[in-house]
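This report refers to the structure that appears directly beneath it.
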Amino acid sequence: MTSQSPRRVIPIHPEAPPRLTAAELAATQKACAALKELPGALLPILHAVQDELRYVPKDAVPLIADALNLTRAEVHGVVSFYHYFRTEKPGRCVLRICRAEACQAVGANALEEHAKRSLNVDFHGTTADGAITLEPVYCLGNCALGPSVLVEDRLVGRVDAQHFDELVAAVRGAK
Amino acid sequence: MTGVTVFVPGDAAAVAVGADATAAAIAAEAARRGTAVTIVRNGSRGLLWLEPLVEVDTPAGRIAYGPVDAASVPGLFAAGFTTGAAHPLRHGPTTDIPYLKRQERLTFARVGLIDPRDLEAYKRHDGYRGLAAALGMTPAAIVESVTASGLRGRGGAAFPAGIKWKTALGAAADRKYVVCNADEGDSGTFSDRMLMEGDPFVLIEGMTIAGLATGATQGYIYLRFEYPLAKRVLQDAIRSAYAAGYLGGDVMGSGRRFDLEVRMGAGAYICGEETSLLESLEGKRGQVRFKPPLPAIQGLFGKPTVINNVITLASVPIILDRGAEHYRDFGMGRSRGTLPVQLTGNIKRGGLVEAPFGMTLRELLYDFGGGTLSGRPIRAVQVGGPLGAYLPESRFDTKLDYEAFADVGGMLGHGGIVVFDDRVDMAAQARYAMEFCAIESCGKCTPCRLGSTRGVEVIDRLIAGDEPVKQEALLRDLCETMTHGSLCALGGLTAYPVRSALDHFPEDFRKAVAARAGG
């Protein structure tokens with residue numbers, strides 16, 4: 001191994017003070033402190049922040065970059081590459097509809113249309129009452145019992161329009 | 001005495017159709033009647049159309065009832081199901097159900113049989129015998145055994161596992177890694193999930209053996225976020241394995257080290273490609289790497305890395321336990337051992353069928369699957385995930401064998417079979433294949449990144465009947481470019497579903513033209 005001094009990222013512009021709420025700041029700092037020594041720590045940190053806040057605030061990026069000695073561009077690049085990470089706060093419940101072939105074969109396209117129409121949102125949108133964020137997902141591994149939906153982290157199979165409405169009503173009822 | 005033992009699967013697919021509610025109803029009804037019942041949350045047997053499949057342990061063996069929803073529980077108690085009594089939902093002894101009886105469960109031997117978190121049950125059912133055998137062998141002898149078994153990568157590429165391992169063993173380094181690719185993103189596949197949720201210790205054991213064989217001391221399971229239950233089961237099992245000395249600094253008292261950790265993906269199909277998975281594990285965008293260098297020589301963090309699919313690694317313990325010959329004796333041609341096939345989509349009896357290579361598609365679709373769920377004729381099946389070919393009825397006698405599928409312009413991939421009935425619009429499916437590639441492309445190479453978007457546009461014009469002859473020629477030319485010019489299988493194989501739809505179902509692309517001619 002050649003002895004090479006580790007790269008040190010020095011910001012060109014002085015950092016603007018992050019506009020984070022106290023909770024956002026705490027979640028970010030906690031994740032960085034606990035995980036930054038892990039090899040390949042960036043994804044675990046982003047997961048920890050999103051697990052806690054349900055999104056990764058844009059202004060958390062410079063803090064994470066600093067903790068890992070990465071550029072902001074590198075961290076932003078990772079956050080934006082992966083479909084799972086979001087930078088905006090979602091609705092109370094993230095509802096993912098499987099769009100993949102096995103679910104298509106048993107009516108996923110019709111379910112998708114029903115969901116968008118009845119919730120009055122497109123994919124990635126949040127309903128007006130803030131209850132539900134609708135997301136597409138490409139396979140939930142429930143391909144023999146589709147169409148499949150993931151309600152937060154609960155998998156539901158054989159979902160037709162009526163069943164979907166019941167799931168939505170349950171989310172809206174559980175305020 | 002703890003009374004009668006009742007098994008209610010805790011597998012995600014079973015829970016998705018109500019297994020938790022069924023288990024709660026059984027507990028409540030047993031309490032109400034004062035019947036002593038112990039509920040075990042096992043994995044799934046893979047007879048998914050019968051889920052929730054409840055089994056009762058009787059002197060005559062385990063008796064199956066299914067599908068059992070919560071509402072049918074009081075009736076089952078009334079009929080005396082805790083003694084295995086007759087009921088319309090009764091299927092007799094589980095192992096006599098033809099769907100299961102006709103299978104050869106090697107890798108899935110314990111899945112559905114035991115509580116996946118119970119290490120003692122795992123050991124009682126031949127668990128950790130492969131590792132014990134491996135500890136008495138030299139690394140070269142372990143690699144030789146895996147090579148001799150004929151085991152090929154079950155993730156889709158079917159590369160001989162022993163050769164990967166031998167390369168990693170021969171690479172000198174201060175640190176090596178074993179990585180399990182659990183980013184099972186192909187539609188129509190769930191065998192990895194079922195195995196991780198139903199028998200996590202076999203994967204842990206297989207990875208530990210891979211560590212011993214190659215000199216790797218750190219393992220990672222890269223798991224997709226879409227499998228939250230598998231994550232919990234794996235983490236519990238890893239904790240138990242550490243506590244019992246099967247992981248850590250002194251594996252089974254051998255003085256050898258192997259550490260294991262679960263890392264979560266974040267919704268990127270491309271991370272199922274091995275080099276982009278390694279990039280993702282390193283904390284980067286999941287972009288494909290150029291090969292060479294091979295991961296076995298320069299993989300994770302630049303170190304020699306064995307990277308294999310879940311099923312590949314989980315097949316290793318039985319090979320070490322029973323011997324390479326035992327495994328190799330199943331199968332046909334150069335496809336040795338068994339393949340866990342997943343019957344999915346519009347299918348009457350969907351589920352997991354582990355069988356030796358060599359069975360025909362027709363046997364699977366009709367003898368096991370029972371035709372479509374809708375009762376209509378099967379028009380097309382897609383084998384091998386979103387990058388697999390769409391095959392018509394005329395190809396249903398193709399045998400499950402890597403080479404036989406290549407001969408008909410398809411691929412076996414990870415063993416997923418998606419069934420469509422006669423209402424499917426194959427032009428729409430071809431368009432979706434390009435759309436999916438555009439959504440999931442990592443962006444590194446041009447044929448995939450731009451070709452997929454242009455592909456959607458060309459198919460749209462073709463479907464609209466806008467100079468169709470010219471569009472079809474252009475589409476085929478684009479498929480050619482993507483096949484030969486893409487860096488990895490995503491761009492490289494997207495042509496399979498598109499071209500096979502064009503070849504086998506050309507009429508679906510000509511509806512606009514036909515309508516115009518007719519009108």
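Keep in mind that what you see is a predicted model, and the values were worked out from it rather than measured. Both backbone and side-chain heavy atoms feed into the values below; hydrogens, waters and symmetry mates do not. Numbered from 1 within each chain, the chains take letters A, B, ... in sequence-line order.
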Which bit of B:Glu435 is near chain A, if near means a heavy-atom gap under 4.5 Å: side chain, backbone, both or neither?
-> side chain

Work out which heavy atom in A:Arg99 is nearest to a heavy atom in A:Gln104; give both atom names and the distance.
-> O-NE2, 2.8 Å

Could you tell me which portion of A:Pro44 (side chain, backbone, both or neither) has an atom closer than 4.5 angstrom to a non-hydrogen atom of chain B?
-> side chain

Indicate whether any N or O donor in one side chain lies under 3.5 Å from an N or O acceptor in the other, for B:Asn309 and B:Asn181.
-> no

Of all of A:Leu46, A:Leu42, A:Asn109, which one pairs up most often with chain B through heavy atoms under 4.5 Å apart?
-> A:Leu42

Compare all side-chain heavy atoms of A:Cys32 with those of A:Leu63 and state whether any distance is below 4.5 angstrom.
-> no

Would you kindly say whether B:Glu440 and A:Tyr138 are connected by a side-chain donor-acceptor distance under 3.5 Å?
-> no

Among the listed options B:Ala230, B:Gly265, B:Ala433, B:Gly286, the residue most often paired with chain A at heavy-atom distances under 4.5 Å = B:Gly286

Which region of B:Ile439, side chain (C-beta onward) or backbone (N, CA, C, O), has a non-hydrogen atom less than 4.5 Å from a non-hydrogen atom of chain A, or is it both or neither?
-> both

B:Ser191 versus chain A, the contacting section by heavy-atom distance below 4.5 Å = neither

Contact leader toward chain B among A:Glu74, A:Arg96, A:Arg154, where contacts are heavy-atom pairs under 4.5 Å = A:Arg96

With no hydrogens and no angle check, do the side chains of B:Ser374 and B:Asp421 hold a donor and an acceptor under 3.5 Å apart?
-> yes

Assert top hit (heavy-atom pairs under 4.5 Å, partner chain A, pool B:Pro497, B:Gly416, B:Gly18, B:Pro386) equals B:Pro386

Toward chain A, the part of B:Gln382 with a non-hydrogen atom under 4.5 Å | side chain

Verdict with reasoning, B:Lys231 to B:Glu197, per salt bridge (Lys or Arg N to Asp or Glu O under 4.0 Å) = CA-CA 8 Å; B:Lys231 176 190 173 187; B:Glu197 291 174 359; over 6 Å; no

Taking atom NZ of A:Lys36 as the centre, report whether more than 12 heavy atoms of other residues, nucleotides or ligands fall under 6.0 Å from it.
-> no

Identify which of B:Ala428, B:Gly443, B:Gly185, B:Pro228 forms the greatest number of heavy-atom pairs closer than 4.5 Å to chain A.
-> B:Pro228

Between atom CG of A:Leu111 and atom NZ of A:Lys116, what is the distance when rounded to the nearest 0.5 Å?
-> 11.0 Å

Heavy-atom contact with chain A under 4.5 Å, split by part of B:Gln218 = neither

Do A:Asp165 and A:His114 get their side chains close enough for a donor-acceptor pair, meaning under 3.5 Å?
-> yes

Among B:Met194, B:Met196, B:Arg193, find the residue that satisfies the side-chain contact (heavy atoms from CB on, under 4.5 Å) test when tested with B:Glu184.
-> B:Arg193

Test log, rule salt bridge (Lys or Arg N to Asp or Glu O under 4.0 Å), inputs A:Arg72 and A:Asp66 = CA-CA 8 Å; A:Arg72 276 175 283 173; A:Asp66 187 52; over 6 Å; no

Okay, B:Arg232 and chain A: the region with an atom under 4.5 Å from a heavy atom over there is side chain

When rounded to the nearest 0.5 angstrom, what distance separates CG in B:Leu373 from OG1 in B:Thr344?
-> 12.0 Å

Given a strict heavy-atom distance threshold of 4.5 Å, which part of B:Cys442 is in contact with chain A: side chain, backbone, both, or neither?
-> both

Tell me yes or no: between the side chains of B:Ser44 and B:Asp11, is some donor less than 3.5 Å from an acceptor?
-> no

Which region of A:Val156, side chain (C-beta onward) or backbone (N, CA, C, O), has a non-hydrogen atom less than 4.5 Å from a non-hydrogen atom of chain B, or is it both or neither?
-> both

Return yes if a side-chain donor-acceptor contact under 3.5 Å exists between B:Glu282 and B:Ser280, otherwise no.
-> no

Interchain contact, A:Leu145 with chain B, by part (heavy-atom threshold 4.5 Å) = side chain

Most chain A-contacting option - heavy-atom pairs closer than 4.5 Å, from B:Arg349, B:Glu51, B:Glu226 | B:Glu226

Side-chain donor-acceptor contact under 3.5 Å, A:Thr126 with A:Thr133 = yes

With only heavy atoms counted, which part of B:Arg285 is less than 4.5 Å from chain A, the side chain, the backbone, both or neither?
-> both

Is there any residue in residues 76-85 of chain A with a non-hydrogen atom under 4.5 Å from a non-hydrogen atom of chain B, and which ones are they?
-> A:Gly77, A:Val78, A:Ser80, A:Phe81, A:Tyr82, A:His83, A:Tyr84, A:Phe85

Top residue by heavy-atom pair count (under 4.5 Å) with chain A, among B:Gly188, B:Gly351, B:Ala12?
-> B:Gly188

Considering all heavy atoms, the nearest B:Ser500-B:Tyr390 contact | OG-N, 2.8 Å

Can you say whether B:Gln342 sits under 4.5 Å from chain A via the side chain, the backbone, both, or neither, judging by heavy atoms?
-> neither

Contact part of B:Leu343 toward chain A, heavy-atom cut-off under 4.5 Å: side chain, backbone, both or neither?
-> backbone

Under 4.5 Å from a heavy atom of chain A, the part of B:Arg224 involved | side chain

Heavy-atom distance under 4.5 Å between the side chains of A:Leu140 and B:Tyr227, does that happen here?
-> no

If one checks every heavy atom of B:Asp186 against chain A at 4.5 Å, the contacting part turns out to be backbone

Counting heavy-atom pairs under 4.5 Å to chain A, which of B:Gly385, B:Gly350, B:Gly283, B:Ala268 comes out on top?
-> B:Gly283

For B:Phe225, is it the side chain, the backbone, both or neither that has a heavy atom under 4.5 Å from a heavy atom of chain A?
-> side chain

